[in-house]
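Before any comments, here is the structure.
The sequence lines fix the lettering, A, B, ..., with proteins before strands; numbering per chain opens at 1. The structure presented is a predicted model; accordingly, all values stated were derived computationally and were not measured.
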Amino acid sequence: MRSTQYLLSTMKETPSDAEIVSHQLMLRAGMIRKLASGLYTWLPSGLRVLQKVERVVREEMNRAGSIEISMPVVQPADLWHETGRWDKFGPELLRIQDRHERDFVLGPTHEEVVTELVRKEISSYKQLPLNLFQIQTKFRDEVRPRFGVMRSREFLMKDAYSFHIDDECLEKTYQVMFDAYCRIFDRLGLEYRPVIADTGSIGGSTSHEFHVLAESGEDAIVFSDGSDYAANIEKAEALAPQQERAAAAQTLELVDTPNAKTIAELVEQHGLAIDKTVKTLIVKADDEAQQRLVALMVRGDHELNEIKAEKLDGVASPLEFASEEEIREAIGAAPGSLGPINLDLPLIIDRSVAVMSDFGAGANIDDKHYFGINWDRDLALPTVADLRNVVEGDPSPCGKGHLSIKRGIEVGHIFQLGEVYAQSMNAKVLTDQGKTKVMTMGCYGIGVSRIVAAAIEQNHDEYGLKLPKALSPFALGIIPMNLHKSHRVAQLADKYYQQALEQNIDVLFDDRKERPGVMFADMELIGVPYVIIIGDRSIDKGVVEVKHRASGEKHEIAIDAVFEHLAQLV
RNA sequence: CGGGAUAUAGCGCAGUCUGGUAGCGCACACGCCUGGGGGGCGUGUGGUCGCAGGUUCAAAUCCUGCUAUCCCGACCA
């Protein structure tokens, strides 16, 4: 490609609405442009990178035995009613109507559509297992799109779905997909980790996420230093504390705390250690429960894990917090003065809270707290459960070592769905016994467009992108010095360009009438891994220079030996 | 959805408080110089100041409403 015939669209200055580095660089390098919040146009350089990711994904999916199809973006609402997700999915599901006022959705995922396909096409166990994938645009009406294509509303995703006669077969395919994902992320040159994950709104049992490690990651993932254990923090169990509860040393005392509405204020104003305080959180109960609200308690320095909470018996799922009015009506006190004593609601406490003694909590009377609370003495020990997020240094749930916490960008997620969708959509086949049986399913997603952003988060420097060669938009750049005045330079540059084209090398020939600094800066910004620099000065010596983006090193290479030299690199 | 901020040329910004003919840098066009790291000089192009109302002789500037975008939060009682 010649620069003069290309849409380079690089920018010197960073647009003010880009926050994280990948978003800034993608704008500056002329990879994407925003059309509206969460909607991006891919410019040529961005599209090149996107397609390189796509290619690796496609190759590895094919290699792993998955078969490519393409399903519609627009899906009839009926299918979503069948699985119940029309009601469950929430406002992220963009609903639209056609001219006949029939309901449709813009597909955020394709379990319904693929199951509809397979239930019609497949009728015998002999046709299983079947693994289908597509690489296609998805739409999710995110609450808060941000960070460019990292969390956009429209995005490119590879989604695969496998169908099996039984769980044993599903588990085999799941492992095949797991391995294929590792190969994909290896080939893309990413630093990543598979972690144990929650299945979330998709449903099912076993699940792993693949995370690219990055400070800007939106997820917290935890690792054991004593084993391979790694999990999303949502899923990591906080083990019960080993130590026994200490004996009561203080008497129960009702204290005026007019200005202590938060744990921080309580600690500061009343000299209470933070691990001698508790937080009482009021959430909605599930529909079958006797009372409309449930109280949950975690230690003052801990965080509630919403995923764990909403899985508890009696707690509404998805988790919903009670409003201030509801709390006042049920308890008679405002948030900020809540606690376990004289609480007329079902109460579930965290394992760490169960071993606390002499602790302080709200009195369920405005502006008052109880200090010196002790279980069994002052009130019976309520239901105990794992309610909190693990923290750095907690013992690992695997039994070996302790946990550390890192940030990750979720780029892949695989699930053993089991019969969830096939059951509700009546997707059955005949077994070798001639009986009907519901198929069991797996599903496997990769965020293709998100990978582009994640790869940049991991591979950049002050000058711009430094993508691994599997991903960089061009493999080779040609920078001529004084192209428009020196025939020798022009001739040689053109010769190299033709040669690169013949060899099918993705080459960017900067034939603009620009100063060298501009050309260097652009090549570095878009991250061209190798650049041939041609000038009269070096031609006089019978050489040209080849510059390596990653190391910054320049080597003089004999004019005729350049492609031989590059053959090993590009 | 709650809180905060912003909206002026393609990009980055000033001007708004204190109303009086819309500015700077970069980019872009042309000319000359320069020619191995975002160069120099000169001449230009480009803006219904987010939208709609209002106040005023006069509004980018003051008032009201709306919209869009970004950030933070949406358990941390």
[X] [atom1] to [N] [atom2]: how many Å, rounded?
{"X": "Glu545(A)", "N": "rG37(B)", "atom1": "CD", "atom2": "C1'", "answer": "12 Å"}
{"X": "Glu13(A)", "N": "rG12(B)", "atom1": "CD", "atom2": "P", "answer": "8 Å"}
{"X": "Met523(A)", "N": "rG37(B)", "atom1": "CE", "atom2": "C1'", "answer": "14 Å"}
{"X": "Glu320(A)", "N": "rC1(B)", "atom1": "CD", "atom2": "C1'", "answer": "12 Å"}
{"X": "Arg512(A)", "N": "rG35(B)", "atom1": "CZ", "atom2": "C1'", "answer": "15 Å"}
{"X": "Glu514(A)", "N": "rC28(B)", "atom1": "CD", "atom2": "C1'", "answer": "11 Å"}
{"X": "Asp141(A)", "N": "rC1(B)", "atom1": "CG", "atom2": "P", "answer": "12 Å"}
{"X": "His484(A)", "N": "rG35(B)", "atom1": "NE2", "atom2": "P", "answer": "16 Å"}

Sticking with atom [atom1], work out how far [N] lies from [M], rounded to a whole angstrom.
{"N": "rG65(B)", "M": "rA58(B)", "atom1": "P", "value": "23 Å"}
{"N": "rU34(B)", "M": "rG40(B)", "atom1": "C1'", "value": "7 Å"}
{"N": "rU61(B)", "M": "rU55(B)", "atom1": "P", "value": "15 Å"}
{"N": "rA22(B)", "M": "rA14(B)", "atom1": "C1'", "value": "11 Å"}
{"N": "rC75(B)", "M": "rC17(B)", "atom1": "P", "value": "41 Å"}
{"N": "rU69(B)", "M": "rG50(B)", "atom1": "C1'", "value": "10 Å"}
{"N": "rA59(B)", "M": "rU64(B)", "atom1": "C1'", "value": "15 Å"}
{"N": "rA9(B)", "M": "rA29(B)", "atom1": "C1'", "value": "15 Å"}

With a 4.5 Å cut-off on side-chain heavy atoms, are [Y] and [X] touching?
{"X": "Leu304(A)", "Y": "Leu387(A)", "answer": "yes"}
{"X": "Arg388(A)", "Y": "Asp394(A)", "answer": "yes"}
{"X": "Tyr370(A)", "Y": "Asn364(A)", "answer": "no"}

Worksheet entry | Verdict with supporting geometry, Trp42(A) and Val452(A), side-chain contact (heavy atoms from CB on, under 4.5 Å) | CA-CA 11 Å; Trp42(A) 288 82; Val452(A) 176; 4.2 Å; yes

Base-pairing assignment for [N] (Watson-Crick or G-U wobble, both under 3.5 Å):
{"N": "rU43(B)", "result": "rA29(B)"}
{"N": "rU48(B)", "result": "none"}
{"N": "rG19(B)", "result": "none"}
{"N": "rG73(B)", "result": "rC1(B)"}
{"N": "rU6(B)", "result": "rA68(B)"}
{"N": "rG38(B)", "result": "none"}
{"N": "rC62(B)", "result": "rG54(B)"}

Item to complete: Look at all strands and tell whether Lys308(A) reaches a base, only sugar-phosphate, or nothing, counting heavy atoms closer than 4.0 Å.
Response: nothing

Practice prompt. Return yes if a side-chain donor-acceptor contact under 3.5 Å exists between Ser207(A) and His413(A), otherwise no.
Written response: yes

Practice prompt. Check whether the side chains of Glu545(A) and Ser538(A) place a donor and an acceptor atom closer than 3.5 Å, and report yes or no.
Written response: no

With a cut-off of 6.0 Å (strictly less than), are more than 12 heavy atoms of other residues, nucleotides or ligands near [atom1] of [X]?
{"X": "Asp275(A)", "atom1": "CG", "result": "yes"}
{"X": "Glu564(A)", "atom1": "CD", "result": "no"}
{"X": "Tyr463(A)", "atom1": "OH", "result": "no"}
{"X": "Gln250(A)", "atom1": "CD", "result": "yes"}

Presence of donor-acceptor pair under 3.5 Å, side chain of [X] and base of [N]:
{"X": "Lys547(A)", "N": "rG37(B)", "answer": "yes"}
{"X": "Lys485(A)", "N": "rG35(B)", "answer": "yes"}
{"X": "Thr14(A)", "N": "rG12(B)", "answer": "no"}
{"X": "Arg515(A)", "N": "rG38(B)", "answer": "no"}

Worksheet item: How does protein contact run along nucleotides 70-77 of chain B, one letter per nucleotide 5' to 3', with B for base contact, S for sugar-phosphate only, - for none, heavy atoms under 4.0 Å?
Response: SSBBBBBB

Protein and nucleotides 4-9 of chain B: nitrogen or oxygen contacts under 3.5 angstrom:
none

Worksheet entry | Main-chain N/O of Ser37(A) paired with Arg153(A) side-chain donor or acceptor, under 3.5 Å | yes

Discussion item. Looking at Arg328(A) and Asp366(A), is there a salt bridge between them, counting it only when a charged N and a carboxylate O are closer than 4.0 Å?
Written reply: yes

Practice prompt. Starting from the 5' end of RNA chain B, give me the residue, Met11(A) or Ile534(A), whose nearest nucleotide shows up first.
Written response: Met11(A)

